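Reckoned from all heavy atoms, side chains included, excluding hydrogens, waters and symmetry mates. Not measured: the values here are computed from a predicted model. Chain letters run A, B, ... following the sequence lines, proteins first and then strands; every chain starts at 1.
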There are 2 protein chains.
Amino acid sequence: MAGRPRDDRARNVILRRAADIASQDGLEGLSIGRLATDLGVSKSGLFGYFGSKEELQLATIRTATGIYLDEVIQPALTVPPGLGRVRRLCENWLSYSQRRVFPGGCFFFAVTAEFDARPGRVRDAVAAASLDWSRLVTRTIDDARQLGELADDTDADQLAFELIAFLETANARSLLHDDPNAYERGRTAIRKHLDAATADPGNTA
Amino acid sequence: MAGRPRDDRARNVILRRAADIASQDGLEGLSIGRLATDLGVSKSGLFGYFGSKEELQLATIRTATGIYLDEVIQPALTVPPGLGRVRRLCENWLSYSQRRVFPGGCFFFAVTAEFDARPGRVRDAVAAASLDWSRLVTRTIDDARQLGELADDTDADQLAFELIAFLETANARSLLHDDPNAYERGRTAIRKHLDAATADPGNTA
DNA sequence: CCTACCGATCGGTAGG
DNA sequence: CCTACCGATCGGTAGG
């Protein structure tokens, strides 16, 4: 299945560039010819790595998932479970978007809106990645709750929905309006929200 | 500028269909040939109404804006200013998304992610529509604050950011995961958030 | 508002 | 992994 090391390196270079293009112009806007020209190889040579455009799209999603793991998730797992890890996960996400690890902002935000109404394997792969992320945030919140750092009656699924909403909206607003305040709005919303959910018997919010 | 009434009617039919297609496949996925075939007219005949693909895209955005006004904004203005109008605006938005007024969910969510990283007139038009909507939500919240229905220190811009985040995330999750609970998550988040912001000197959240 | 066409680009293939 | 090509489709135009 895996080619020689040299092939793998070439493949990685191709897919990193593909993910950058897709974050800006979408996975449909990503064309084999353009990608080949950008990288200075022949179209059919590049095509041979993947066999079809759909396979290129799926491989690009896997590459983006790996980068997301490295940039957002892994560094948060160095923090012990609890509220601190929840905060770190959110901050890593905002930083990943703000630093433009992908030039078009969050890769998954870009391709979700593109494929959410187009049934097929690409949509399925995007939906699976989104679900994995959503479950990780939920689990991290629930850990904090079980450790007594969030109120006992915290609905982890609901709070995860709300935090993810703030992250994605900060990303979207920053991109669409070149608004540098977007990330501060997101940070404020997250801080306020997590403070409101901290274990505090007198808190009714 | 405006053609005969017959032309205007034909134009509206074309643009309504264009908005439906764009909500699912994007404004680039909207092709003049496909649109012409769908509507049973010649490609050049349809082209003549607009003169370029970019003009078709801009006209489609204007049509979608009109539908958004009719479905979301106008019916909320029948409610007197205050917290009730804020709630009505949010509920109208969720209903507009949930009823699939556009088959691909919110038209503007779909085209924002598509064009947020592609400078040009289309992005500018999408950004302007987004800003208008954002300002309307902010103003509606600030009216409620001035009427004493929201806490005096409510940051209307910040609260608008948060409510819009819940709306868009409910839309996105419903589309990507065929999740019927997405809208209830959105409604819960909005209710909880507005309750926490209601005028109440003892509330520290 | 039609038919017929333009050059460019798409995904994909043949042949070496 | 290259050159050269395939049919299909793109936005747009000529001519009537």
Can you confirm whether or not the ring centre of Y96(A) sits under 6.0 Å from the ring centre of Y68(A)? yes
Could you check how far CG of L27(B) sits from P of dC10(D), rounded to whole Å? 15 Å
Salt bridge present between R187(A) and E184(A) (N-O < 4.0 angstrom): yes
Using whole Å, report how far CZ of F47(A) lies from C1' of dA14(C). 13 Å
Just how far, in rounded Å, is P of dG12(D) from OH of Y49(B)? 18 Å
What is the distance, to the nearest angstrom, from the CG atom on D25(A) to the C1' atom on dT9(C)? 15 Å
Among the nucleotides dC10(C), dC1(C), dG11(D), whichever has the atom closest to the side chain of K43(B) is dG11(D)
Over all strands shown, is S44(A) touching base, sugar-phosphate only, or nothing at heavy-atom distances under 4.0 angstrom? base
What does L30(B) touch in the nucleic acid at a heavy-atom separation under 4.0 angstrom: a base, only the sugar-phosphate, or nothing? sugar-phosphate
So T188(A) and D155(B), side chain to side chain contact (heavy atoms under 4.5 Å, CB included) or not? Walk me through it. CA-CA 11 Å; T188(A) 298; D155(B) 181 337; over 6 Å; no
Protein-nucleotide distance (D38(A), atom CG; dT9(C), atom P), rounded to Å: 13 Å
Between L46(B) (CG) and dG11(D) (C1'), how many Å, whole number? 12 Å
Pick base, sugar-phosphate or nothing for S42(A), based on heavy-atom distances below 4.0 Å to the nucleic acid. base
Considering every strand shown, what is the Watson-Crick or G-U wobble mate of dC5(D) when both distances are under 3.5 Å? dG12(C)
Under a 4.0 Å N-O cut-off, is there an ion pair linking D195(B) with R87(B)? yes
Would you indicate which nucleotide in dG12(D), dC2(C), dC1(C) comes nearest to any side-chain atom of V41(B)? dC2(C)
Electrostatic pair R139(A):D143(A) at N-O distance under 4.0 angstrom: no
From CD of E28(A) across to P of dT9(C) the rounded distance in Å is 18 Å
Nearest-neighbour nucleotide for the R34(B) side chain, dC2(C), dG12(C), dC10(D) considered: dC10(D)
Rounded to whole Å, the NZ-P distance (K53(B) to dC10(D)) equals 8 Å
